[in-house]
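The structure presented is a predicted model; accordingly, all values stated were derived computationally and were not measured.
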Amino acid sequence: MAFHHCHKDPMPQSGLSPERVQARRQLYAACAVCFIFMAGEVVGGYLAHSLAIMTDAAHLLADIGSMMASLFSLWLSTRPATRTMTFGWHRSETLGALASVVSLWIVTGILLYLAFLRLLHSDYHIEAGAMLLTASIAVCANLLMAFVLHQTGAPHSHGSTGAEYAPLEEGHGYPMSLGNTSVRAAFVHVLGDLLQSLGVLAASILIYFKPQYKVADPISTFLFSICALGSTAPTLRDVLLVLMEGAPRSVEFEPVRDTLLSVPGVRATHDLHLWALTLTYHVASAHLAIDSTADPEAVLAEASSRLYSRFGFSSCTLQVEQYQPEMAQCLRCQEPSQA
């Protein structure tokens with residue numbers, strides 16, 4: 001019988017796992033490419049007098065913030081837990097993501113204001129050649145970043161270090177191979193940026209051949225600003241989930257409860273709590289009411305093993321106590337509501 005306990009697991013290795021080292025290299029490379037081309041877009045957008053280019057540069061700024069937050073969290077994750085930070089420093093990634101969203105809102109708000117002034121007064125000139133060149137380079141930059149961040153997936157381990165976990169199918173004894181979460185998120189974000197850059201390129205081609213349609217620049221700024229702000233919705237949802245200590249989206253309450261009740265000797269569960277310390281570091285705690293004839297150590301070992309293997313929790317804390325009939329009427333032992 002597998003026994004998941006801190007004294008049975010091997011000592012965690014210091015530093016990053018090979019999978020996280022590879023993720024850090026990919027994020028470093030993508031961040032460098034993103035910064036270089038963001039600076040190029042700022043210069044090109046200024047020379048072309050194009051707000052659409054500036055909007056695309058603002059989106060690249062948000063990408064840099066997200067990737068820097070991921071790199072910072074990877075560095076912090078190697079720091080040991082302390083008596084004041086008993087879970088370690090994992091939530092630094094969440095705070096970095098929130099700062100990235102706020103910075104994107106501020107820059108996008110300024111660009112929307114300038115685009116409104118252009119639509120109102122029309123006293124501006126677009127350097128179509130510079131805009132077309134900059135937009136073409138931006139498309140190439142996003143293609144390059146997508147290539148750098150693309151991954152086919154790397155296997156995970158279920159050690160005691162709290163590395164990246166993925167939900168498991170019922171009955172499987174191994175995690176799904178999905179690659180590093182931060183790299184996957186950055187890759188998806190870059191794909192969205194690529195679509196925006198293609199839109200800016202289309203607007204620049206229109207203005208290049210039809211200068212009288214220069215209004216396409218502020219209109220593109222409005223459209224792509226809405227897309228940029230809309231892309232922050234999933235990030236805000238994830239940040240809210242983590243900060244409010246909500247249950248992981250990939251783990252539902254009922255399957256975890258039923259798994260615990262299926263352990264031989266368990267009569268009831270209460271005080272079952274599931275929360276996402278981060279999007280990939282999931283924690284569970286519960287009280288298990290067992291028969292008087294059941295072996296507490298065996299129940300604890302089996303329940304812990306099932307939670308780790310079926311749901312990929314990074315940490316589980318279970319308390320075993322003897323079942324009492326009055327538990328059925330105890331208000332504190334009742335299950336939480338649906339919402």
Any side-chain heavy atom of [X] sitting closer than 4.5 Å to one from [Y]?
| X | Y | result |
| --- | --- | --- |
| Leu243 | Val239 | yes |
| Phe116 | Pro218 | no |
| Glu302 | Val266 | no |

Spatial distance of atom [atom1] ([X]) from atom [atom2] ([Y]) [nearest 0.5 Å]:
| X | Y | atom1 | atom2 | result |
| --- | --- | --- | --- | --- |
| Glu321 | His287 | CD | NE2 | 6.0 Å |
| Leu274 | Glu252 | CG | CD | 10.5 Å |
| Ile64 | Leu71 | CD1 | CG | 11.5 Å |
| Gln212 | Ile207 | CD | CD1 | 10.5 Å |
| Leu277 | Ser314 | CG | OG | 8.5 Å |
| Met244 | Trp275 | CE | CH2 | 15.0 Å |

Please find the pair of heavy atoms, one from [X] and one from [Y], that lie closest to each other, and give the distance.
| X | Y | answer |
| --- | --- | --- |
| Cys316 | Tyr308 | N-OH, 3.4 Å |
| Ala203 | Ser220 | CB-OG, 3.4 Å |
| Trp89 | Pro80 | NE1-O, 3.6 Å |
| Tyr281 | Thr278 | N-OG1, 3.0 Å |
| Met54 | Gly45 | CE-C, 3.8 Å |
| Val42 | Ala57 | CG2-CB, 4.0 Å |

For the backbone of [Y] and the side chain of [X], can you confirm whether one donor and one acceptor N or O come within less than 3.5 Å of each other?
| X | Y | answer |
| --- | --- | --- |
| Asp291 | Thr293 | no |
| Asp217 | Ala52 | yes |
| Ser305 | Ala301 | no |
| Gln26 | Val148 | yes |

Is [Y] reachable from [X] through a run of hydrophobic residues whose side-chain heavy atoms are each under 4.5 Å from the next?
| X | Y | result |
| --- | --- | --- |
| Phe35 | Met68 | yes |
| Val256 | Val299 | yes |
| Leu261 | Ile290 | yes |
| Ile110 | Met38 | yes |
| Leu112 | Ile53 | yes |

Residue [X] excluded, over 12 heavy atoms near [atom1] under 6.0 Å:
| X | atom1 | result |
| --- | --- | --- |
| Trp105 | CH2 | no |
| Tyr208 | OH | no |
| Tyr124 | OH | yes |
| Phe222 | CZ | yes |
| Phe253 | CZ | yes |
| Arg237 | CZ | yes |

Kindly determine whether Asp271 and Ser285 satisfy side-chain contact (heavy atoms from CB on, under 4.5 Å), including the steps that lead there. CA-CA 8 Å; Asp271 284 339; Ser285 66; over 6 Å; no

Got a sec, which residues hit side chain to side chain contact (heavy atoms under 4.5 Å, CB included) with Leu206, two or more places apart in sequence or on another chain?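 If we apply the side chain to side chain contact (heavy atoms under 4.5 Å, CB included) test to Leu206, skipping adjacent residues, the hits are Lys210, Tyr213, Ala216.
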
For a side-chain contact (heavy atoms from CB on, under 4.5 Å) check, start with the C-alpha distance between Leu260 and Leu307, then their side-chain angles and the critical distance, and finish with the verdict. CA-CA 8 Å; Leu260 292 174; Leu307 290 185; 3.9 Å; yes

Carefully, step by step, assess Ser315 and His282 under the rule side-chain contact (heavy atoms from CB on, under 4.5 Å). CA-CA 7 Å; Ser315 177; His282 302 164; over 6 Å; no

Under 3.5 Å donor-acceptor pairs involving side-chain atoms of residues 126-147, not counting sequence neighbours:
| unit_1 | atom_1 | unit_2 | atom_2 | d |
| --- | --- | --- | --- | --- |
| Glu127 | OE2 | His125 | NE2 | 3.4 |
| Thr134 | OG1 | Ala130 | O | 2.8 |
| Ser136 | OG | Leu132 | O | 2.8 |
| Asn142 | ND2 | Ala138 | O | 3.0 |
| Asn142 | ND2 | Ser197 | OG | 2.7 |

Do Arg118 and Thr221 meet the criterion of a side-chain donor-acceptor pair at a distance under 3.5 Å?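 Thr221 and Arg118 do not have a side-chain donor-acceptor pair below 3.5 Å.
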
Do the side-chain N and O atoms of Gln319 and His270 include a donor-acceptor pair separated by under 3.5 angstrom?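 There is no such pair between these side chains.
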
